[in-house]
Amino acid sequence: MRRPIIAGNWKMNKTAAEARVLIQQIAPAAATRPDVDVVVCPPFTALHAAAYPDVARAAVQLGAQDMFWKDTGAYTGEVAPGMLLKLGCRYVIIGHSERRGRFGVLEPDFTPEVLSVFGETDATVQLKTHAAFRHGLTPIVCCGETLGERRAGRTDAVVTQQLEHGLEGVSADQARNLVIAYEPVWAIGTGEVCDPEEANRVCGVIRGALGRQFGDVAASIRIQYGGSVKATNAAAILSREEIDGALVGGASLVAEEFNQIVAAAPRR
Ligand code: PGA
């Protein structure tokens with residue numbers, strides 16, 4: 001039995017003060033679902049504020065949106081796994097499509113040169129995933145195809161390759177503590193949700209790939225769907241057999257929306 005996990009990816013939104021307000025608004029609803037892992041991933045600058053209020057501590061767990069793989073050193077602007085742990089983080093999102101420079105919503109001023117700032121690759125995903133396990137953080141490893149890749153019939157191959165490479169060297173034992181987020185790039189921030197049946201199918205493909213990598217452990221790895229999840233479509237998505245939760249962007253910024261998504265998690 002896989003425990004549902006609903007995570008809010010706040011992206012580049014919310015100051016520390018705003019984070020404190022939002023977490024107070026979602027903690028009571030989260031507390032009514034002790035059978036669900038409710039996670040929020042604020043920007044680095046709001047992690048401390050989000051971790052601080054006592055009301056949230058038990059009901060809402062904390063995650064980061066990214067991290068570097070080294071422990072310390074001359075890496076200007078980077079944040080180390082140990083720093084996140086000390087702030088109370090238990091989760092870290094790794095390889096989000098936006099960090100890979102793959103945006104669901106067109107960014108006309110992002111030239112290829114500018115896009116190279118978002119330089120995540122399967123190789124860096126692999127380094128970060130290993131670093132997360134080394135430090136006892138649970139990685140939420142993202143995968144997903146672009147619209148072009150989907151139209152070319154390459155969806156299954158793309159997600160399989162991202163995971164095979166990104167998770168190379170991870171042991172079956174470590175994989176028990178792995179979360180995967182299937183996020184079709186074309187569905188992120190576009191309002192264009194993937195048909196739940198199709199999302200379920202791809203999550204099944206992902207579980208198959210995990211089975212080849214980790215054997216029986218694959219049956220216990222949680223796979224989230226992400227991409228325009230909101231209160232109105234959450235139940236249809238979360239009720240699918242292969243989908244164990246959601247990674248929620250825009251809708252996680254509005255307490256009422258996020259609370260309804262948490263409430264929509266099936267009681268398994
Ligand atoms: P969205 O983002 O819910 O705003 O589409 C999801 C994500 O990128 O994690």
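These values consider heavy atoms only, across backbone and side chains, with no hydrogens, waters or symmetry-generated copies. Counting starts at 1 for both ligands and their atoms, following the listed order.
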**Q** Under 6.0 Å from the CZ atom of Arg3, do we count more than 12 heavy atoms belonging to anything else shown?
**A**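 Result for CZ/Arg3: enclosed.
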
**Q** If we ignore hydrogens and angles and just use 3.5 Å, is the side chain of Arg2 paired with the main-chain N or O of Gly245 as donor and acceptor?
**A**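 The answer is no, because no donor-acceptor pair under 3.5 Å joins these two groups.
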
**Q** According to side chain to side chain contact (heavy atoms under 4.5 Å, CB included), who are the partners of Ser220, at least two apart in sequence or on a separate chain?
**A** Val217

**Q** Who passes side chain to side chain donor-acceptor pair (under 3.5 Å) against Thr155, sequence neighbours left out?
**A**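 Counting only residues at least two positions away or on another chain, Thr155 forms no side chain to side chain donor-acceptor pair (under 3.5 Å).
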
**Q** Measure across Val141 and Leu178 and return the closest heavy-atom pair with its distance rounded to 0.1 Å.
**A** CG2-CD1, 3.9 Å

**Q** Under a single-linkage rule joining Ile, Leu, Val, Met, Phe, Trp and Tyr whose side-chain heavy atoms are separated by less than 4.5 Å, which residues share a cluster with Phe118?
**A**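 Phe103, Phe110, Val114, Leu115, Val117, all in the cluster of Phe118.
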
**Q** Any protein N or O within less than 3.5 Å of an N or O in ligand 1? List each pair with its distance, or say none.
**A**
residue	atom	partner	partner atom	Å
ligand 1	2 (O)	Lys11	NZ	3.2
ligand 1	3 (O)	Ser228	N	3.4
ligand 1	3 (O)	Gly249	N	2.9
ligand 1	4 (O)	Gly250	N	2.8
ligand 1	5 (O)	Gly189	N	2.7
ligand 1	5 (O)	Ser228	N	2.7
ligand 1	8 (O)	Lys11	NZ	2.7
ligand 1	8 (O)	His96	NE2	2.7
ligand 1	9 (O)	His96	NE2	3.3
ligand 1	9 (O)	Glu183	OE1	3.3
ligand 1	9 (O)	Glu183	OE2	2.7

